[in-house]
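Reminder, nothing fancy here: chain letters follow the sequence lines and each chain counts from 1.
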Amino acid sequence: MRNKILTVTTVNEEKMNKKAFIKIMLKDEVLDPQGKAVLSVLKSSGYDNVKDVRVGKYIEVDFAGEVKDGHASLKEEAEEISEKILSNPLIEEFTIEIK
Amino acid sequence: MRNKILTVTTVNEEKMNKKAFIKIMLKDEVLDPQGKAVLSVLKSSGYDNVKDVRVGKYIEVDFAGEVKDGHASLKEEAEEISEKILSNPLIEEFTIEIK
Amino acid sequence: MDNVSAKKNDTKKTEKLFGLSAEEYSKISELLGHEPDAFELGIFSAMWSEHCSYKSSKVYLKTLPTEGSKVLIGPGENAGVVDFGDGDVLVFKMESHNHPSFIEPFQGSATGVGGIMRDIFTMGARPVANLNSLRFGSFSHPRTPYYLSEVVKGIGFYGNCMGVPTVGGEVVFDECYNDNILVNAFTIGIAKKDGIFLSSKCEEGNIVVYVGSSTGMDGMHGATMASEEFDLKKNKKRSTVQVGDPFTEKLLLEACLEAMEKKLIVSIQDMGAAGLTSSSFEMADSSGKGMIINLDAVPLRTSEITPAEMMLSESQERMLLVCGRDKFDELKAVFDKWGLNCVEVGEVIKEKEIRFFYKSKPYKTLGVNTVVKGPEYKRPVKKPKYLNSVKPLNIDNYKIPENINDAAFKIITHPNIASKKSVFTQYDYTIGTATIVPPGFSAAVLRVNGSGAGKKGFLLNVSGNSKYTYLDPFTGGALAVTECARNITACGGYPAAITDCLNFASPEDPEVMWQFVNALEGIKSAALKLNTPVISGNVSFYNETAKKDGDKTTVHKIYPTPVIGMLGFIDDVEKAVTPYFKSEGDEIYILGRLSGNLGGSLYMDLEYGNFMQKPSEIDLDYEIRLQNCLRSLINKGFLKSASDISEGGIFVSLAESAITCPNQTLGFAVNCDTSKSGVRIESFLFSEFEQAFIISVDKKLSGPQKTAVSEICAEYGIKLEKIGDVKKGIMKINDKIDLKSDKIKEGYFSVI
Amino acid sequence: MNNKKIKAGITVFPGSNCDADVYRVLNEVFGLSASFIWHKNKIKDLGGYDFIVIPGGFSYGDYLRSGALAARSPVMEYVKDYAYKGGIVLGICNGFQILLEAGLLSGVMLTNDSLKFECKDVYLKTLNTETPFTCALKKDSLLKMPIAHHDGNYFAEKKIIESLNHKNTVIFKYCDENGAITEISNPNGSMYNIAGISNENGNIMGLMPHPERSSEKILGSEDGGYIFQSIIKYIKER
Ligand SMILES: Nc1ncnc2c1ncn2[C@@H]1O[C@H](COP(=O)(O)OP(=O)(O)O)[C@@H](O)[C@H]1O
Ligand SMILES: [Mg+2]
């Protein structure tokens with residue numbers, strides 16, 4: 001079952017099923033049309049205390065075990081994946097949690 | 001089942017700028033075409049230790065202050081927004097963090 | 001579906017859950033010789049559902065005209081096939097996805113489009129165009145914008161990604177759809193005449209192969225759900241919504257066509273409603289064979305799934321096919337190339353039964369015939385009471401409004417009339433480089449690339465009018481067919497064949513059944529006269545919702561809504577005519593005759609809040625002469641534009657002709673002595689679905705040419721009357737209408 | 001040089017869907033020898049082609065970001081190689097997005113400002129006619145072509161925009177039918193109405209509108225054809 005609890009559990013077992021949780025957001029200076037649209041929907045639905053909305057992505061990568069050769073850690077591998085494949089560094093920035 | 005376990009960080013300043021961080025994922029049993037496509041690209045790019053990928057949304061809602069009338073807390077308001085506007089309870093589930 | 005153990009004393013609950021009646025349940029027990037268990041019950045309830053078995057409609061559908069010189073395959077297969085000449089065939093069908101779209105409009109409409117496209121490429125045809133017919137609740141209903149935007153997004157999402165242009169459709173708003181929106185999707189594909197694949201060719205010893213996406217819990221109960229009223233919001237613990245993956249379907253399309261091209265497939269059927277159940281049983285049945293199905297081999301997305309759930313899952317983008325054992329490796333190579341599952345799940349056997357294996361052991365055996373031969377009903381019919389109060393309109397009981405300009409403006413800016421541009425610009429209608437006349441005009445006109453077709457092309461249109469069908473089911477049915485034909489003829493095409501999508505409330509209500517039977521009669525008689533056989537179709541019953549108001553429960557039923565999709569042919573796409581005026585100074589004529597009957601019209605609805613009057617009947621013999629006459633004028637090159645007179649009447653027809661011209665804003669000055677034909681000005685302006693067309697011709701037509709035009713009209717016995725001229729920027733009719741084209745244009749394009 | 005001798009390669013990714021249109025137009029309308037390059041083919045050297053087209057569609061479903069996944073697929077390495085050596089590469093719609101994601105052109109595509117898929121005719125103003133893609137055109141020529149995309153909202157940092165302007169590599173801008181570059185004629189929110197750009201060298205161009213859908217009069221416009229004619233002219237004269 002997918003782990004849905006956001007609280008970080010420290011696990012020592014290296015071989016355990018581990019996941020990378022990658023959050024990708026548009027950089028602040030990049031216009032976020034989707035966020036803007038959500039904001040206007042919220043405002044028109046009466047949530048007028050909302051000041052801003054940004055919409056990003058949340059990607060769970062399940063590594064089920066070993067790290068790929070040539071990578072020091074899952075974190076490093078996840079970083080590589082995030083940078084090379086999952087995000088576009090020109091407009092996006094990411095943060096990774098390994099759990 | 002929609003999961004509503006929230007990790008709430010307690011903040012004393014009531015008027016402080018507060019944000020809700022809302023993570024929206026497809027329910028486990030719902031097909032995730034995006035995740036599937038990303039998985040296949042990761043695999044063909046040599047990341048063959050990756051077993052599964054799920055792609056969701058991460059939404060930051062900036063409340064810059066007060067809670068809307070009729071809501072006990074920002075958390076409650078964010079929950080209402082997530083349920084009614086941001087997510088589709090038929091296929092998605094969300095978790096909220098207030099920071 | 002997780003705790004589906006059908007306990008013996010629990011038939012009441014079973015009924016609710018599975019949509020079977022008590023009699024049906026006993027019949028199943030009798031056929032099996034024992035009470036059905038969960039697996040059997042799941043299979044029977046799916047196959048005996050209204051959706052799969054057509055149990056309430058079958059006896060009537062059988063009476064439709066299905067044969068014609070151009071029809072190669074009529075109803076019965078995944079889609080019908082029409083001969084297009086030069087070795088090409090066109091394959092088309094329309095299908096409803098109403099209930100799923102109401103529950104989750106984006107995914108519901110997306111998977112509706114995905115499903116109908118699978119029906120087409122299952123036959124070996126490459127989909128070349130999509131259309132859709134949409135019905136939403138009243139335009140001012142708070143949920144309508146949500147449904148409209150999500151449904152349109154869903155349709156675009158799927159069709160655009162597949163690379164199939166969406167070239168037409170209709171969008172109608174009416175209160176009666178507040179709780180039951182309708183999403184009907186149409187797809188047409190093209191194939192070589194000798195490249196058609198059927199589900200009925202299985203041979204003993206062939207292997208059964210599962211291709212495409214893995215099986216999950218999607219759309220569990222879809223087949224039975226579609227047959228139930230939405231009386232209670234079922235407490236769904238798990239998600240059963242089908243999620244569409246057009247990317248995978250695009251791969252599936254290419255893989256299937258490649259495998260077909262290489263002749264690796266013997267028989268094939270898409271997994272649509274009732275997924276693996278209907279595909280396996282129906283393929284076995286139509287081939288007169290049986291199958292072994294090994295459930296252990298089914299590719300799964302979740303391990304927590306029971307055999308019954310595997311059989312009933314409606315996960316999208318899957319196909320079941322049958323191939324020769326010696327071809328399997330080659331077949332697998334094709335699907336591997338496209339990155340798709342391709343798994344042997346069984347074998348074709350001589351005995352007409354399906355033998356299921358599960359966990360490496362024999363699990364269940366069911367007779368093909370037993371399961372497939374569902375019940376067939378001739379349900380009670382009764383003329384609806386409300387029809388007694390639908391009388392012919394006497395317009396003299398209503399006084400002429402002071403300001404007809406206002407009435408006209410209200411009509412042209414009514415959501416059902418106003419431009420649907422903001423809808424169809426969300427669909428890719430130019431992909432394929434074949435769209436000659438795009439959406440926004442009468443019928444879509446397409447050419448055919450990459451074949452010996454030369455300049456010939458085909459035309460498509462979908463139409464339905466539920467208000468008229470409600471007021472007069474027979475006329476409404478006939479009108480849907482006629483209206484499609486008018487749109488096709490107005491472009492210069494010949495109507496060729498039709499598909500239908502019959503959306504009705506519960507067939508268990510005798511009054512609904514009466515509507516159904518009579519609407520079908522209407523379709524039948526028009527299809528016979530116009531020589532447009534019905535080659536495929538779909539019935540969607542139970543479009544009604546029980547709503548609790550205090551302790552009172554009222555059932556909200558949709559108007560009977562038969563929708564027709566029509567295919568037409570044209571010899572030279574360059575000769576296709578569009579409905580809009582071309583240049584200032586051209587002469588405007590009415591071709592045909594006017595009834596002036598405002599019964600059931602939008603005008604009566606908007607102006608007096610009462611449209612419960614009898615619409616005009618259609619004189620089908622006249623209709624044929626009229627359309628033949630128009631086509632003849634177009635083919636001879638005499639017309640610059642031609643437009644039918646549909647909802648909103650002549651005023652709307654003229655106004656649209658003036659403002660939809662892509663690069664200029666035209667107008668008209670019309671003078672027509674309506675009293676001569678004994679009608680009042682509003683009747684002339686706003687009576688709908690007249691047996692007439694608004695046409696424009698070059699004023700510089702020479703004398704002999706004018707004579708030729710008159711001769712053609714005389715030959716067909718059709719009246720032609722000049723009513724005015726094309727102008728720039730103004731809309732004038734007698735001394736009653738005086739409007740600015742710009743203002744009308746702005747209103748028309750900004751409503752939706 | 002006979003058109004038939006000109007070899008065009010059309011890349012095909014899973015989910016490409018304008019590949020067949022480009023193929024037909026290049027072969028049938030312009031009489032070239034165009035063929036497909038399947039994304040998994042290990043051709044390595046694309047040197048045999050006179051030019052490469054990355055067609056539109058929804059490569060990998062456009063999941064994640066439009067063009068992102070295709071840009072990371074192996075065949076793009078060969079395309080990069082080809083382009084770095086000066087080969088002519090044209091990216092149309094999704095192909096443009098792929099070129100951006102692959103870093104062959106600078107900037108990114110965001111979702112249209114309408115947040116909707118937009119299918120309609122647009123007008124383009126030709127700003128630079130000294131490229132292989134525009135050399136048959138006159139400066140400021142207006143071209144009518146259809147767009148059909150969901151993510152065509154061109155975005156780049158100020159620095160990049162400055163460099164595009166400086167190097168004259170903005171090739172097409174959206175404009176109205178009179179050639180005025182206005183907000184109203186911008187169909188997707190692109191910065192400065194940018195519809196097509198090239199690299200500094202001019203051998204790689206991406207544009208959102210579809211020239212292959214506007215190369216025949218019967219389809220409403222032949223203007224897109226000038227882009228292919230330019231490529232042909234360039235190749236013949238080089
Ligand atoms: N849902 C839709 N999808 C695509 N095109 C549509 C849709 N709704 C309407 N259109 C297009 O708008 C035009 C006008 O629609 P409608 O008024 O229903 O046409 P008509 O009365 O001529 O049958 C047609 O070309 C039709 O194809
Ligand atoms: Mg009409």
Tell me, for A:Ile59 versus chain D, whether the close heavy atoms (under 4.5 Å) come from the side chain, the backbone, both or neither. side chain
Among the options A:Val30, A:Leu31, A:Leu26, pick out the one with the most heavy-atom pairs lying under 4.5 Å from chain D.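 Looking at each option in turn, the highest pair count goes to A:Val30.
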With a 4.5 angstrom heavy-atom cut-off, could you sort out which part of D:Leu100 is near chain A: side chain, backbone, both or neither? neither
Cut-off 4.5 Å, heavy atoms of chain A, and the answer for D:Leu64 is both
Among all residues two or more places apart in sequence or in another chain, which pass the side-chain contact (heavy atoms from CB on, under 4.5 Å) test with D:Ala8?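 D:Leu26, D:Ala34, D:Phe51.
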Heavy atoms only: give me the nearest A:Ile91-D:Leu110 pair and the separation to one decimal. CD1-CD2, 3.9 Å
Could you list each donor and acceptor atom pair linking chain A to chain D at less than 3.5 Å?
{"unit_1": "A:Lys57", "atom_1": "NZ", "unit_2": "D:Leu64", "atom_2": "O", "d": "3.1"}
{"unit_1": "A:Lys84", "atom_1": "O", "unit_2": "D:Arg72", "atom_2": "NE", "d": "2.5"}
{"unit_1": "A:Lys84", "atom_1": "O", "unit_2": "D:Arg72", "atom_2": "NH2", "d": "3.4"}
{"unit_1": "A:Leu86", "atom_1": "O", "unit_2": "D:Arg65", "atom_2": "NH1", "d": "2.8"}
{"unit_1": "A:Asn88", "atom_1": "ND2", "unit_2": "D:Glu101", "atom_2": "OE2", "d": "3.3"}
{"unit_1": "A:Glu92", "atom_1": "OE1", "unit_2": "D:Arg65", "atom_2": "NH1", "d": "3.2"}

